[in-house]
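Structure record follows, encoded as structure tokens.
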Protein chains: 2
Amino acid sequence: MALSLRIILNEKLYLKNPEESLLGRKIVAEGLRLINTLGFEDFTFKKLAKEIETTEATIYRYFENKHRLLVYLVNWYWTYLEYKVTIQLNNIVEPKEKIKKVISALVIPASNLFSDVFIEEKAVFDLVMYEGSKSYLTRNVKDNNKDNLFKPYKDLCARISLVISELNPKYKYPHSLACTLLEMSHTQKFFKINLPSLTDFSKDKSDASLIDFLEKLVFDTLKK
Amino acid sequence: MALSLRIILNEKLYLKNPEESLLGRKIVAEGLRLINTLGFEDFTFKKLAKEIETTEATIYRYFENKHRLLVYLVNWYWTYLEYKVTIQLNNIVEPKEKIKKVISALVIPASNLFSDVFIEEKAVFDLVMYEGSKSYLTRNVKDNNKDNLFKPYKDLCARISLVISELNPKYKYPHSLACTLLEMSHTQKFFKINLPSLTDFSKDKSDASLIDFLEKLVFDTLKK
DNA sequence: CATTTTTAATAGTAATACTATTATTTAAAA
DNA sequence: TTTTAAATAATAGTATTACTATTAAAAATG
């Protein structure tokens with residue numbers, strides 16, 4: 001069975017919905033690829049236009065600027081992740097087991113769960129790891145927040161915090177802990193790859209020790 | 001008694017040591033101020049030059065580009081923080097007490113501890129909170145790391161991890177935990193100010209609950 | 001005092017981040 | 001089927017950014 005998924009994002013993210021045209025989908029898919037190869041700072045609409053054989057001005061008709069495209073992609077990931085977590089938690093009753101599922105969903109980018117998605121999970125995972133925090137580390141966070149641009153992240157955080165509260169209803173910081181999990185699953189992975197002395201993980205590909213670290217952190221602080 | 005402090009930073013950070021001239025110190029001090037008001041993306045050397053009444057080209061003689069200036073300032077902060085932690089840990093024997101001191105040093109930017117420093121702690125703290133991760137979230141992290149550009153951060157992380165290991169020598173992830181403390185002390189504070197639903201802290205100025213959250217996290221996971 | 005050496009300003013350039021306007025295609029109404 | 005309008009994309013710009021090469025002025029040294 002192939003699962004179908006349609007991710008609907010905040011209309012304020014774009015000027016024209018990129019999902020509704022072939023060109024729009026190309027902008028998003030190739031934009032993701034190009035940001036990942038060049039890094040967000042060196043990425044420009046001009047370079048993207050060349051890549052997909054259109055013009056800069058045309059891309060501006062879809063996205064106000066490259067930051068909006070970044071937020072679009074990052075939001076896509078958080079929305080996707082919340083779907084994924086929801087599916088993974090299906091039929092699981094043990095809160096402890098639920099948290100384990102959440103952590104592995106955060107750390108391991110599964111090969112595409114949904115068949116009809118034109119954005120690759122592995123690629124957006126990398127994007128979020130390298131560029132994700134740049135979506136909110138700006139002087140207009142508050143304005144962007146008023147436009148609900150961070151809703152997918154906040155929703156995911158809230159959902160994880162519910163699982164946390166299930167395990168220990170008296171715990172005072174479920175959101176902060178959920179958020180720590182979200183941030184650290186990316187930060188520590190980034191450090192493992194690029195600045196390994198900031199972690200205690202071996203060089204191999206496996207994420208076992210990162211998962212162990214996060215699980216221990218959560219279970220210990222939630223112990224009654 | 002006024003404590004004196006001389007922070008010596010990696011020579012690869014600058015083309016000409018800004019500490020050695022009045023103009024250089026102005027570039028650093030005003031640069032910090034201007035990045036904080038404009039945000040790193042909108043900050044330019046031209047704007048800074050206007051502010052301190054010099055030319056863009058002159059600033060380029062001190063720093064290769066604005067990213068190097070950012071790394072310079074961020075490194076200044078980590079080095080300063082390591083000094084601060086060292087002083088705060090003086091004469092303290094209880095590992096648990098040491099960790100408490102570390103956490104409060106991370107979270108609370110003290111009004112300048114050292115009298116002769118031309119950079120304000122509160123301002124660099126804000127800089128690191130808003131722009132800090134942009135110093136390493138680039139495509140040349142690895143090259144920058146080879147040039148030792150992240151040494152102050154790694155040193156601080158290593159030092160905190162030693163305190164962690166003192167409390168529980170068997171704990172397997174002292175660096176990752178130290179790093180989590182460092183990152184979360186800034187991230188959660190940023191969220192408290194800008195995206196409060198990602199935290200569980202009240203709106204007041206006090207950092208008591210953030211400190212409580214972090215202390216609990218560390219002590220619980222280090223419990224034998 | 002002459003002369004290096006250091007320091008800073010002038011005057012550029014290629015690229016970036018946009019925008020206004022025009023042209024072309026597609027779709028709907030007459 | 002034609003006309004008209006609406007949507008879409010390309011052309012051609014501009015102001016700003018991120019630099020650099022060259023020259024001029026000031027300071028340090030012999």
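From a predicted model like this one, the values you see are computed outputs, not experimental measurements. Reckoned from all heavy atoms, side chains included, excluding hydrogens, waters and symmetry mates. Here is the naming used below: chain letters follow the sequence lines, and residue numbers restart at 1 for every chain.
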Starting from P on D/dT17, measure out to CD on A/E41 and report it in whole angstrom. 17 Å

Nucleotide nearest A/T44 (side chain, heavy atoms from C-beta), chosen from D/dT17, C/dC18, C/dA17: C/dA17

Any idea which of D/dC19, D/dA9, D/dT17 is nearest the A/L23 side chain? D/dA9

Atom pair distance, as rounded to whole Å: NZ in B/K46 and C1' in D/dA15: 10 Å

Mind checking A/T55 for me? I need base, sugar-phosphate or nothing, with any heavy atom below 4.0 Å counting as a touch. base

Where do A/V74 and A/G132 come nearest, in terms of heavy atoms and distance? CG2-CA, 4.2 Å

Are A/R139 and B/Y130 in a cation-pi contact, defined as NZ or CZ under 6.0 Å from the six-membered ring centre and within 45° of the axis? yes

Earlier contact from the 5' end, DNA chain D, for B/E56 and A/T54: A/T54

Can you check whether A/K66 has a side-chain N or O nearer than 4.0 Å to OP1 or OP2 of C/dA17? yes

Side-chain donor-acceptor pair under 3.5 Å between B/S135 and B/Y153, yes or no? no

Rounded distance (Å) that lies between atom C1' of C/dT7 and atom OH of B/Y60: 18 Å

Expressed as a whole number of angstroms, how long is the span from B/D42:CG to C/dA17:P? 12 Å

Counting only side-chain nitrogens and oxygens, does B/K16 get under 4.0 Å of the OP1 or OP2 atom of C/dT7? yes

Take the angle between the ring planes of A/Y136 and A/F150 and call it parallel below 30°, perpendicular above 60°, tilted in between. perpendicular

Could you check which of D/dA9, C/dA9, D/dT17 has an atom nearest any side-chain atom of A/R61? D/dA9

Starting at atom CD1 of A/I27, determine the distance to atom P of D/dT8, rounded to an integer number of angstrom. 12 Å

Distance check needed: C/dT19 P versus A/F45 CZ, whole Å only. 11 Å

Looking at A/Y62, does any N or O in its side chain come under 4.0 Å of the phosphate oxygens OP1/OP2 on D/dA9? yes

Sole candidate of A/N36, A/V128, A/L13, A/L32 that passes side-chain contact (heavy atoms from CB on, under 4.5 Å) when paired with A/L73: A/L32

Given atom NE2 of A/H67 and atom P of C/dC18, what is their separation to the nearest angstrom? 11 Å

Of the candidates D/dT17, D/dT20, D/dC19, the side chain of B/A57 sits closest to D/dT20

In whole Å, what is the span from the CG atom of A/L48 to the P atom of C/dA17? 12 Å

